[in-house]
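All figures in this text were calculated on a predicted structure; none of them were measured in a lab.
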Amino acid sequence: MKAALLVSTYNWPESLELVLKSILVQTLLPNEILIADDGSNEKTKLVIEKFRKISLIPIKHIWQEDIGFRKSKILNKAIAATSVDYIIQIDGDCIIHPKFVADHIHFSEKGVYLYGSRVNILPKFVSSVIENKKIRFNFFSKEIKNKTRSLYFPLLSQLYKPYYGISEKFRGCNVSFWRDDLIAINGYNEDFEGWGREDSDLAIRLGNNGIKAKRIRYAGIIYHIYHKVNSKENLELNNKMQNETVLNKIIKVANGIDQYIK
């Protein structure tokens, strides 16, 4: 099985640098890194070029013009740019545990998508974490809260079984799925613009198409770097579209990934 690690980013090169640093020290590297860039400036490109020079695996930078929050579109473009079997997806503000990629691959199974938790880095420590380029944390680290989420006991992850439905604990910053399963529902719905619900809508449609959900707990750990929340001015409209997905049991959207696949 070939896997890609998909990283979404927008104009926070200092954070992306830590994320890429944590990727390159994985115990099991993905086959490639896909950076889905929603219109960042030149500083982000320079960070990516720096890591390309030292990376043992390909790093693809998929960029689009900055004309507003269009995360669904750039994720579709990035996924269309790979032919791997499995996609592991994080955000560009999420430092990953050294065994993050290995965990997602180990727990992958057909007919299932995985989702994990995130450990939050406290706001007052963000500056020092970035300045010191810190990528290693544990239960006793002063910089984090949600400390129980940092416990690494992958044997306990086996207690969590696949199920139909979507959990309120689902977060799009720590999820993995089979690329074919995503193609079958035409990927992310690009009608979602502005912050919110594009990821949960995708998970709901995967479920509507018979794909089960499975939570990774005590493995697949990420450390989320605190930042101010993006504008939620489109959230009401996005909520309405997601509600329609639930009510009408929508599987395949019209405005999706097929426009980028040859």
Side-chain angles (χ1 to χ4, degrees), residues 1-8 15 18-31 33 57 84-126 128-129 132-178 181 199-200 202-203 206-207 211-226:
M1 177 179 77
K2 291 186 176 181
L5 187 56
L6 173 58
V7 185
S8 60
S15 173
L18 297 190
V19 175
L20 289 171
K21 184 179 177 183
S22 70
I23 294 172
L24 296 190
V25 296
Q26 291 292 293
T27 60
L28 177 63
L29 288 170
N31 293 91
I33 300 167
I57 56 175
V84 299
D85 307 295
Y86 201 68
I87 305 288
I88 305 168
Q89 184 174 308
I90 63 172
D91 287 346
D93 54 16
C94 295
I95 298 166
I96 59 177
H97 185 280
K99 293 189 177 180
F100 177 83
V101 171
D103 289 337
H104 271 272
I105 290 176
H106 174 74
F107 288 106
S108 65
E109 55 183 296
K110 290 291 187 179
V112 175
Y113 74 85
L114 306 176
Y115 68 95
S117 304
R118 67 182 189 183
V119 182
N120 291 307
I121 296 174
L122 292 161
K124 66 180 180 179
F125 291 110
V126 168
S128 64
V129 166
N132 296 317
K133 301 187 187 304
K134 183 169 182 176
I135 62 169
R136 297 292 179 98
F137 304 91
N138 57 48
F139 181 84
F140 300 101
S141 297
K142 65 181 179 181
E143 295 90 350
I144 65 172
K145 61 178 181 177
N146 321 105
K147 287 183 177 291
T148 58
R149 297 179 190 171
S150 70
L151 294 172
Y152 188 76
F153 293 110
L155 284 176
L156 294 179
S157 296
Q158 298 176 10
L159 299 174
Y160 293 82
K161 304 300 181 182
Y163 64 92
Y164 288 111
I166 183 170
S167 169
E168 62 180 14
K169 297 182 183 297
F170 174 85
R171 297 290 183 274
C173 62
N174 186 352
V175 62
S176 63
F177 43 78
W178 296 93
D181 290 342
D199 46 9
S200 50
L202 181 88
L206 285 170
I211 305 301
K212 292 182 179 181
K214 181 180 178 181
R215 185 182 181 191
I216 301 181
R217 185 75 195 274
Y218 307 112
I221 298 169
I222 64 171
Y223 305 94
H224 177 252
I225 305 172
Y226 171 85

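Distance check: Ile166 CD1 to Tyr113 OH gives 4.5 Å after rounding to the nearest 0.5 Å. Expressed to the nearest 0.5 Å, how far CD1 of Ile222 lies from CZ of Phe137 amounts to 12.0 Å. To the nearest 0.5 Å, atom CG of residue Leu20 and atom CD1 of residue Ile23 are 5.0 Å apart. Taking CG of Leu6 as the start and CD1 of Ile87 as the end, the distance is 6.5 Å to the nearest 0.5 Å. Here the OH atom belonging to Tyr223 is positioned 6.0 Å from the OG atom belonging to Ser150, to the nearest 0.5 angstrom. Here the NE2 atom belonging to His106 is positioned 12.0 Å from the CG atom belonging to Leu28, to the nearest 0.5 angstrom.
With contacts defined as side-chain heavy-atom distances shorter than 4.5 Å, the pair Val175/Leu202 does not qualify. Residues Gln89 and Ser8 fail the side-chain proximity criterion, which asks for heavy atoms closer than 4.5 Å. Side-chain contact between Cys94 and Arg118 is absent, with no heavy-atom pair separated by less than 4.5 Å. Tyr86 has its side chain out of reach of Pro30: every pair of non-hydrogen atoms, C-beta onward, lies at least 4.5 Å apart. Two residues are said to be in side-chain contact when any heavy atoms from C-beta on lie closer than 4.5 Å; Ser108 and Met1 meet this criterion. Taking 4.5 Å as the limit, some side-chain heavy atom of Ile88 sits within range of a side-chain heavy atom of Phe100. Side-chain contact between Tyr164 and Lys212 is present, with at least one heavy-atom pair separated by less than 4.5 Å.
Not one N or O on the side chain of Lys214 forms a donor-acceptor pair closer than 3.5 Å with the backbone of Leu114. Of the possible donor and acceptor atoms, one in the side chain of Gln26 sits under 3.5 Å from a partner among the backbone N and O of His97. Proximity of a side-chain donor or acceptor of Asp85 to a complementary backbone N or O of Lys2 within less than 3.5 Å is detected. Here the side chain of Lys147 pairs a donor or acceptor atom with the backbone of Ser141 at under 3.5 angstrom. A donor-acceptor pair under 3.5 Å links the side-chain atoms of Ser15 to the main chain of Gly92, judged by distance alone. A donor-acceptor pair under 3.5 Å is formed between the side chain of Asn174 and the backbone N or O of Gly220. A donor-acceptor contact shorter than 3.5 Å is absent between the side chain of Asn146 and the backbone of Val119. Looking only at distances, a side-chain donor or acceptor of Lys161 sits under 3.5 Å from a matching main-chain atom of Gln158. Between the side chain of Ser22 and the backbone N or O of Ile96, at least one donor-acceptor pair lies under 3.5 Å.
Using modelled atom types and a 3.5 Å distance limit, the side chains of Tyr152 and Asp103 yield a donor-acceptor pair.
At most 12 non-hydrogen atoms from other residues, nucleotides or ligands lie less than 6.0 angstrom from NZ of Lys99.
For the residue pair Pro162 and Glu109, the shortest heavy atom distance occurs at CG-OE2, 3.7 Å. The two residues Val101 and Leu29 make their nearest non-hydrogen contact at CG1-C, 4.4 Å. The two residues Gly165 and Ala213 make their nearest non-hydrogen contact at O-CB, 3.6 Å. Closest approach of Pro154 to Phe107, counting heavy atoms only: O-CZ, 3.6 Å. The minimum heavy-atom distance between Thr148 and Tyr218, with the atom names listed, is O-CE2, 4.4 Å. Shown here for Ile135 and Lys21, the closest heavy-atom pair between the two residues is CD1-CG, 3.8 Å.
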- Residue pair Ile121, Ile95: steps toward the side-chain contact (heavy atoms from CB on, under 4.5 Å) verdict: CA-CA 10 Å; Ile121 296 174; Ile95 298 166; 4.3 Å; yes
- Going through the distances and angles, do Glu143 and Leu122 end up as a side-chain contact (heavy atoms from CB on, under 4.5 Å)? CA-CA 6 Å; Glu143 295 90 350; Leu122 292 161; over 6 Å; no
- CA sep, side-chain torsions, deciding dist, call: Tyr226, Lys145, side-chain contact (heavy atoms from CB on, under 4.5 Å): CA-CA 11 Å; Tyr226 171 85; Lys145 61 178 181 177; over 6 Å; no
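Every residue two or more places apart in sequence or in another chain that forms a salt bridge (Lys or Arg N to Asp or Glu O under 4.0 Å) with Lys133 is listed here: Glu17. Remark: Tyr160 engages no residue in a ring pair (Phe, Tyr, Trp, His ring centres under 6.0 Å) (not counting sequence neighbours).
Put simply, the residue from Arg149, Arg217, Arg215, Arg171 that forms a side chain to side chain donor-acceptor pair (under 3.5 Å) with Ser117 is Arg215.
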